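Read the structure below first, then the notes.
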Amino acid sequence: MRFSYLKPRLLHSINTSKLKTTTLHHQSNMNHRAVEQPCLDILQACNTLPKLAQLHTHIIKLGFQNNPLVLTKFTSASSNLDAIPYAMSLVFSVEDARVYDAFLFSTIIRAYAESSQSKHNAIFYYNLMLGYGISPNKYAFPFVLKACAGLRDLNLGKAVHGSLVKFGFDDDIFVQNTMVHMYCCCSGGMEFARKLFDEMPKLDPVTWTAMIGGYARLGQSAGAVGLFRKMQIAGVCPDDVTMVSVLSACTDLGALELGKWIESYIEKERVLKTVELSNALVDMFAKCGDVDKALGLFRNMSKRTIVSWTSVIVGLAMHGRGLEAVSLFEEMKASGMVPEDIAFIGLLSACSHSGLVERGRQYFSEMTRQFGIVPKIEHYGCMVDLLSRAGLVTEALEFVERMPIEPNPIIWRTLISACRVHGELKLGESISKQLIRNEPMHESNYVLLSNIYGKMLDWEKKSKIRVAMGKKGIQKVPGSTMIELDNEIHEFIVGDRSHNQYNEIIKMVNEMGREMKRAGYAPTTTEVFLDIDEEDKEDALSRHSEKLAIAFALLNTPPGSPIRITKNLRVCGDCHSASKFISKIYNREIVMRDRSRFHHFRDGQCSCGDFW
DNA sequence: TGCGAAACAT
């Protein structure tokens with residue numbers, strides 16, 4: 001079915017003064033609810049596009065297009081069917097602007113604020129309403145603010161804030177809560193959000209959740225968890241949405257113990273187990289290292305959405321259990337769930353992390369052929385990763401050259417890593433140099449080139465990179481590893497000596513080094529990003545945050561218990577090799593989450609098969 | 001004359 005859509009921006013050309021003076025048609029219908037009620041009832045239940053189109057005809061035939069209530073319900077119905085422009089073509093075919101009221105406009109604004117289309121449309125109709133001389137009601141503002149949040153436009157948000165104060169709606173808690181949320185979403189808006197939050201006379205669970213979610217989205221997960229504690233102290237009862245936000249902070253921190261506590265809290269307090277909450281739990285367990293628990297929860301869910309399936313597939317992929325991920329994907333299709341783009345990203349990354357090259361290729365083509373999904377840059381990225389990991393560097397490069405969209409720096413970096421691992425050093429060097437020209441302020445581009453020179457054993461070039469970076473004032477992301485112990489998260493950052501057990505930890509690190517050397521470990525110094533001699537390199541390696549965290553765990557946890565750590569970057573080659581030795585020497589399972597996946601070290605082996 | 005807020009998978 002085809003609809004002709006009136007594009008919002010064309011509406012600028014409507015002469016509003018003319019509209020206002022035109023005679024009102026069908027005046028008789030305006031105030032008689034009984035006449036329009038059947039039409040409203042049908043609109044309420046309208047759930048398909050053909051029905052909507054039929055109603056459209058009826059509305060015109062009956063002259064209801066001048067009835068604001070009918071227009072409003074038609075707009076809601078269209079919005080539910082993701083066909084807002086269709087409603088707009090009806091609404092703005094009206095000849096007399098006097099049928100427009102604040103309720104109709106707040107419905108239009110809502111439709112655009114909640115749609116996947118440009119949030120600018122919502123702002124446009126807000127301004128259009130003002131242009132018509134219609135005073136907004138307070139119900140419009142949560143949606144106008146939602147649009148500002150979607151646009152992440154702080155200045156716009158501030159302007160709307162000023163305007164709603166002028167209309168006197170700033171004492172409404174719904175409006176206040178949405179303002180907190182809006183400021184949390186805008187870049188640079190956190191301080192405004194926090195100020196509002198701190199000054200609000202009454203905080204309900206929604207206010208707290210908006211603020212907690214704000215910290216979580218910014219990656220300030222520890223702050224989010226801290227605020228959740230304050231919420232409990234304040235005696236405000238968290239609800240299901242609060243738990244979802246807190247769980248996503250746990251997931252980010254890799255805080256399995258806290259996550260388990262939240263799960264038991266949910267059970268104890270009988271928090272409503274929505275499908276979103278179950279999904280958040282599944283995701284948390286998978287990303288905090290207990291993928292079997294995630295699978296168990298997933299199996300017990302009475303209702304599953306595409307998000308549930310994707311979470312568990314991605315979880316398995318991260319743990320290197322690609323075959324299980326693939327079979328779950330097949331099970332998902334068999335259950336009638338239609339996979340969409342994100343599910344394929346999870347699936348392709350599962351193939352990639354488990355070396356399932358042929359499967360990956362098949363799924364990539366099935367995605368388009370069978371499901372009509374146009375591959376996005378992330379899908380191409382997965383394929384480059386898949387080919388690169390498998391050592392098919394030339395094919396990966398050809399794949400990139402044939403891509404119909406511009407490759408992004410992530411794809412180039414994947415290729416460069418592959419070049420280093422598989423010995424295509426000259427190629428890696430030239431791609432690196434090109435990438436540095438395009439993206440001169442990105443630290444990892446230099447690290448990659450430096451590692452290539454390390455493998456070439458070209459120390460002179462390697463040290464030049466460090467000088468170049470210093471000159472450009474490039475910010476380095478320090479490696480950091482987190483570990484949870486007794487309801488506390490300990491973070492170890494390279495070069496940070498502030499931990500109160502620092503001296504003991506260093507002693508332990510040195511002891512670990514001696515034991516490992518006795519067992520045949522040789523430090524991998526080619527990746528050290530410092531211009532220093534070999535002995536100091538070893539020293540620098542032994543201070544890596546991963547090793548500090550493992551030493552801390554060996555000192556503070558019972559013998560034989562598993563060690564779970566979370567690293568912010570990808571695990572370095574030396575720490576990976578050292579972890580294998582440590583797992584055997586100290587008889588510990590080490591579960592390490594790095595930026596891209598999990599490594600389960602056990603008895604001298606890693607689940608990633610040394611491929612990550 | 002009808003209406004509103006916070007959350008999950010890359």
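Just so it is clear, the structure is predicted and the values come from calculations on it, not from any experiment. The basis for the numbers below is simple: all heavy atoms, side chains too, and nothing from hydrogens, waters or symmetry mates. Note on naming: letters A, B, ... go to the chains in the order of the sequence lines (proteins, then strands), and numbering restarts at 1 for each one.
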Sugar-phosphate, base or nothing in reach of A:D172, heavy atoms under 4.0 Å: base

Sugar-phosphate, base or nothing in reach of A:V175, heavy atoms under 4.0 Å: base

Rounded distance (Å) that lies between atom C1' of B:dC3 and atom CD of A:E114: 11 Å

Sugar-phosphate, base or nothing in reach of A:S106, heavy atoms under 4.0 Å: base

Distance test, side-chain N/O of A:K287 to OP1/OP2 of B:dT10, below 4.0 Å: yes

Closest nucleotide among B:dA5, B:dA7, B:dC3 to the A:P142 side chain: B:dA5

Integer-rounded Å distance: B:dA7 C1' and A:H181 NE2: 9 Å

Short N-O contact, A:R369 and A:E366, less than 4.0 angstrom: no

Protein-nucleotide distance (A:L277, atom CG; B:dA9, atom C1'), rounded to Å: 15 Å

Residue pair A:S163 / A:Y126, side-chain donor-acceptor N/O under 3.5 Å: yes

A:K138 side-chain N/O to B:dA5 phosphate OP1/OP2 under 4.0 Å: no

Test: A:K158 and A:D153 ion pair at under 4.0 Å: no

Spacing of A:D41 atom CG relative to B:dT1 atom C1', expressed in whole Å: 13 Å

d(CD, A:Q44; P, B:dT1) in whole Å: 17 Å

Sugar-phosphate, base or nothing in reach of A:S311, heavy atoms under 4.0 Å: sugar-phosphate

Sugar-phosphate, base or nothing in reach of A:T72, heavy atoms under 4.0 Å: base

A:R110 vs B:dC3: side-chain N/O to OP1/OP2 distance below 4.0 Å: no

Is_stacked (A:F174, B:dG4) at 5.5 Å, 30 deg: yes

Sugar-phosphate, base or nothing in reach of A:E340, heavy atoms under 4.0 Å: base

Minimum-distance nucleotide (side-chain atoms of A:V307 versus B:dA9, B:dT10, B:dG4): B:dA9

Sugar-phosphate only, base, or nothing, as touched by A:F143 at under 4.0 Å among non-hydrogen atoms: sugar-phosphate

Minimum heavy-atom distance between A:L81 and A:N47, given as atom pair plus value: CD2-O, 3.2 Å

Six-ring centre of A:F285, A:K293 cation under 6.0 angstrom, axis tolerance 45°: yes

Selection from B:dC8, B:dA5, B:dA6 that lies nearest to any side-chain heavy atom of A:E276: B:dC8

Atom-pair distance (CG on A:L247; P on B:dA9), nearest Å: 11 Å

Side chain A:D101 and base B:dG2 donor-acceptor under 3.5 Å: yes

Touch class at under 4.0 angstrom, heavy-atom based, for A:K376 against every strand present: nothing

Short side-chain N/O contact to B:dA7 OP1/OP2 from A:R217, under 4.0 Å: yes

Distance-only donor-acceptor check, side chains A:T566 and A:R593, under 3.5 Å: no

Base of B:dG4 paired with side chain of A:N137 (donor-acceptor, under 3.5 Å): no

